[in-house]
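Keep in mind that what you see is a predicted model, and the values were worked out from it rather than measured.
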Amino acid sequence: MPQEEKSEATVTERPNPERSDERYDAQRVENKWFERFQQDAALYAAEPDSAKKKYYVLEMLPYPSGVLHMGHVRNYAIGDALARYMWMNGYNVLHPMGWDSFGLPAENAAIQNNTPPRQWTLRNIANMKAQMKRLGFAYDWSREVTTCFPEYYRWNQWFFLKLFERGLAYRKKSKVNWCPKCATVLANEQVVNGCCWRHEDTPVEQRELEQWFLRTTKYADELLHDLDKLEHWPEKVRTMQRNWIGRSEGTLVDFKLVGPTGPAGSTISVFTTRVDTIYGATSVQLAPEHPVVKDLTAANADLRAKVEQLITEQRKAKEAGDIGEIEKHGVPTGRYAINPFNGEKVPLWVANYILMDYGTGAIMSVPAHDERDYEFAKKYKLEIRIVVLPRSDDPEETVAEPPLPFVTHDGLLINSGPYNNLSCDDAIQKMSAHAEKHGFGKATVTYRLKDWGISRQRYWGTPIPMLYCEKDGIVPVPEKDLPVILPEKMDVTLTGGSPLSRVPEFVNATCPKCGGPARRETDTMDTFVDSSWYFYRYTDAHNDRAPFDSAIAKYWFPIDQYIGGVEHAILHLIYSRFWTKAMRDMGLIENAEPVERLFTQGMVTYQGAAMSKSRGNVVSPDEMVARYGADAARLYVLFAAPPDRDLDWQDSGIEGIQRFLGRVYRFVEGNARPQEPDWHKPLQSPLGISARRLQRKLHQTIKRVTDDFQGRWHFNTCISAIMELLNEANRRALGSGPTQDPVTGAPIIGDDIPLALLADVQRNLVLLLAPFAPYLAHELWEMLGEKGNLLKAAWPKYDAALAREEEIEIPVQINGKLRSRVVVSADASEETVLDRALADEKVRTMIAGKQIVKKICVPGKLVNIVVK
RNA sequence: GCCGGGAUGGCGAAAUUGGCAGACGCAGCGGACUUAAAAUCCGCAGGUCCGAAAGGACUGUGGGGGUUCGAUUCCCCCUCCCGGCACCA
């Protein structure tokens, strides 16, 4: 046998055949690396003064409810993969974590288990932090934020004072949402289908209370407009916020009450988006709680009783969450109001479908051009007057009777005095201007968004830093006296109003203005205040002179990527945007939006339903880690579905992932030869067919995974690609088919794979896996004899030339149906490909005796021959 | 009612969006190793029909139309599912 000159060593034997259990021992490997990671406190720390480009990746901070659930694992697995990817790409990464640790569950736990809220909360935090560490999430714990600590909530109080100074925090008595189970007020955003967001089956009651509000409406317009700039936010979230803000352009018009008036005066302002139809207004409808109604019923017991009835109906419908289903009722007041446009007297009604908290609580009723007004007018036999006719293409043809109600904008005015023949849009402009000129109205914008009520009649929250003095009224706590400390020794109950009001040491204070006795505010802040700005605190978490340093925040903001559940699309994400705009106007920051890119991951369900203790379908992360390891749990939640879709947990699915991790481990363990010099030599070309295939696959895989990290984020396909690479590598390195010769029992191997190529494949395989399965990746990195820290190892680059196929298989269609395939070189010209296709045996038989009508050749894709 | 997102094998999904439908994985089937099982490895696999087999024919991405040589992808109509808003004037 001639001596073949070998420049590079190759894999020539099947290693280590003696192994009793070939399962990968994840616990051993993960425990080893867990210990090592714990020893390096600065491992995941962001660099304070860095010339590197920054990248701020953030996952929504959890409420420390006790244990992590799979939804958390999914959320953090996505963020962690991204953070690790960015580290490997040389960025200065900020990847912090904290605890949204004020809130009701702590109080409920205190009541049930007689454990103080603070103790309960801190225990949960310790537990969940340990879980996060075991799962291998790379957080910079030196910046940990815990919102229930005075070091944090003092800045809530500080912000509150600043907002108060600027008129953005104010106190007023108003109807508020009250959850009887939480025994506290809720913001509008916390009411879901008429029920409490924490108690899906508890209808929210309406109560009249003095409350603190933040003036979110001041930013309504900016909050709406800036949504257009958030192009890297999911359309869904932007739509939800648009709906929530609910901007509506229209006109205010003052109708004058005819006859005697009361304290509410004689002006009834109505809001309409269709002032063009005002000549068709045949009544004015008031909300039952409209102030003018109070005047009208003052001396009219009969009317008062009827109005009471309407109020009851309205409240019932509201509490049942189906205000839209209410049966329309109204009562005539016997009084009239004057339409300022034509001086006409129209009857004044009170109706149960008019809402006091939208617009002005009064409308003009135009039955001919509004669905609801039409229905109402039919029911009560009110006049229906047409003032808009549909346009016709044929000027000769006039449509005298459009089908009613005729609600579209596209028409011309009639019966409208000087506005006849104007288009609706023209008329709206001219009539609004007319109203403004004559002082009885103006163009205006109405929002659905309401100011944010932040007072909570609960204990476990940030005390509102305000005092009530008999002499000086409402007095803010001076900045130097912050924080107002939440007392710790408390009897927590859910009855009897704000718990803090029962602590005399807390309540009794001194007025900073007059030195006399003052009473402290005993309500606490909504916990959504805490989460509205926490991500700024991460940038400068230990600052005791300011919530954060502006220059440092400027370096890190905006957040490059924020990841969390879509359930916060309105609540947290609208409050945070408001807070950022308010802080910008205070000069603390320069960015107008907190988050550049938002990603909302899908829910994790089990057996088709959201996991919950009561349903008994909870999959415990701890159990999964114990059984399969952290890598497997993380990889599985990324692999099972694209991250933005819901994922139904399958126990068998994670087993498949476990097998994959085992195959990776065995592939490296069995084939790594870092002690051989050839392992470290640069790869020499040319390569054999098999080797070249493997090399190509490697570069294709690097490209696929890298591309997906650039925004598409289909990590499920990234992981598939890595699996394919491993399959290919196993085939090439170990040979496909049986592993042993059935006759002789000798091991069978594939063609020669140069050791340098194998090294290349193994190193890159580990690097590609590093963001998803960090424990295994670290173990293998070490096994490969690599010295540097894998966390900051350079992300692999692909070579487009090496990723390119030299020969491709082109499908040949005849009349659009796949009939054959031909193999051509990748850069073959159209003619060559066509010639090859036409020369193909099968194609020749199929088209024999037929006329070729058309030949289509898409280079690199396919050939289609159209025959007759 | 308005707005947004979906519907692809037994299951999770892929097709980077006009160009080979079903990659990867689960479950399944067959085989190797084993006394046996587990673990591991190799192979098969959308459906229907024809064939002993190799192979072939037809069909197939919620339904119906259309554009195109060619449609999961584009256009029109419809059904169902998920989410948001809703007598919002």
What is the distance from [atom1] of [X] to [atom2] of [N], rounded to the nearest Å?
{"X": "A:Arg242", "N": "B:G83", "atom1": "CZ", "atom2": "P", "value": "21 Å"}
{"X": "A:Asn243", "N": "B:G1", "atom1": "CG", "atom2": "C1'", "value": "13 Å"}
{"X": "A:Gln650", "N": "B:C26", "atom1": "CD", "atom2": "C1'", "value": "8 Å"}
{"X": "A:Tyr358", "N": "B:C85", "atom1": "OH", "atom2": "P", "value": "15 Å"}

Would you tell me if any nitrogen or oxygen in the side chain of [X] comes within less than 4.0 Å of OP1 or OP2 on [N]?
{"X": "A:Arg659", "N": "B:A38", "value": "no"}
{"X": "A:Asn716", "N": "B:G12", "value": "no"}
{"X": "A:Arg666", "N": "B:C41", "value": "yes"}
{"X": "A:Arg663", "N": "B:G25", "value": "yes"}
{"X": "A:Arg372", "N": "B:C88", "value": "yes"}
{"X": "A:Thr239", "N": "B:C85", "value": "no"}
{"X": "A:Arg819", "N": "B:G56", "value": "no"}
{"X": "A:Arg712", "N": "B:A15", "value": "yes"}

Of all the choices, [options], which nucleotide is nearest to the side chain of [X] once you look at every atom?
{"X": "A:Ser720", "options": "B:G83, B:A23, B:G25", "value": "B:A23"}
{"X": "A:Ser248", "options": "B:A89, B:A7, B:G19", "value": "B:A89"}
{"X": "A:Ile354", "options": "B:A89, B:A7, B:A15", "value": "B:A89"}
{"X": "A:Thr717", "options": "B:C88, B:G84, B:A14", "value": "B:A14"}
{"X": "A:Thr272", "options": "B:C24, B:A89, B:G19", "value": "B:A89"}

Exercise. Could you check A:Thr277 against A:Met364 for side-chain contact (heavy atoms from CB on, under 4.5 Å), going step by step and ending with a plain yes or no?
Key: CA-CA 10 Å; A:Thr277 64; A:Met364 63 176 201; 3.7 Å; yes

Quiz prompt | Identified pairing partner of B:G30, criterion: Watson-Crick or G-U wobble below 3.5 Å | solution = B:C42

Exercise. Could you please name the partner base of B:G1, counting Watson-Crick and G-U wobble pairs only when both distances are under 3.5 Å?
Key: B:C85

Quiz item: If you look at every strand shown and take non-hydrogen atoms under 4.0 Å, does A:Gly246 touch a base, only sugar-phosphate, or nothing?
Solution: nothing

Practice problem: Would you classify A:Asp373 as touching base, sugar-phosphate or nothing, given that sugar-phosphate means primed atoms plus P, OP1 and OP2, and contacts are heavy atoms under 4.0 Å? | Solution: nothing

Quiz item: Between A:Arg372 and A:Glu375, is the closest basic N to carboxylate O distance under 4.0 Å?
Solution: no

Quiz item: Taking atom P in both B:G10 and B:G46, what distance in whole Å separates the two?
Solution: 11 Å

Self-check item: Separation between the P atoms of B:G70 and B:G12, rounded to whole Å
Solution: 32 Å

Measure all distances between protein nitrogen or oxygen atoms and nitrogen or oxygen atoms of nucleotides 67-72 of chain B, and list the pairs falling under 3.5 Å.
| unit_1 | atom_1 | unit_2 | atom_2 | d |
| --- | --- | --- | --- | --- |
| B:C69 | OP1 | A:Lys854 | NZ | 3.3 |
| B:C69 | O2' | A:Asn864 | ND2 | 3.3 |
| B:C69 | O2 | A:Asn864 | ND2 | 2.4 |

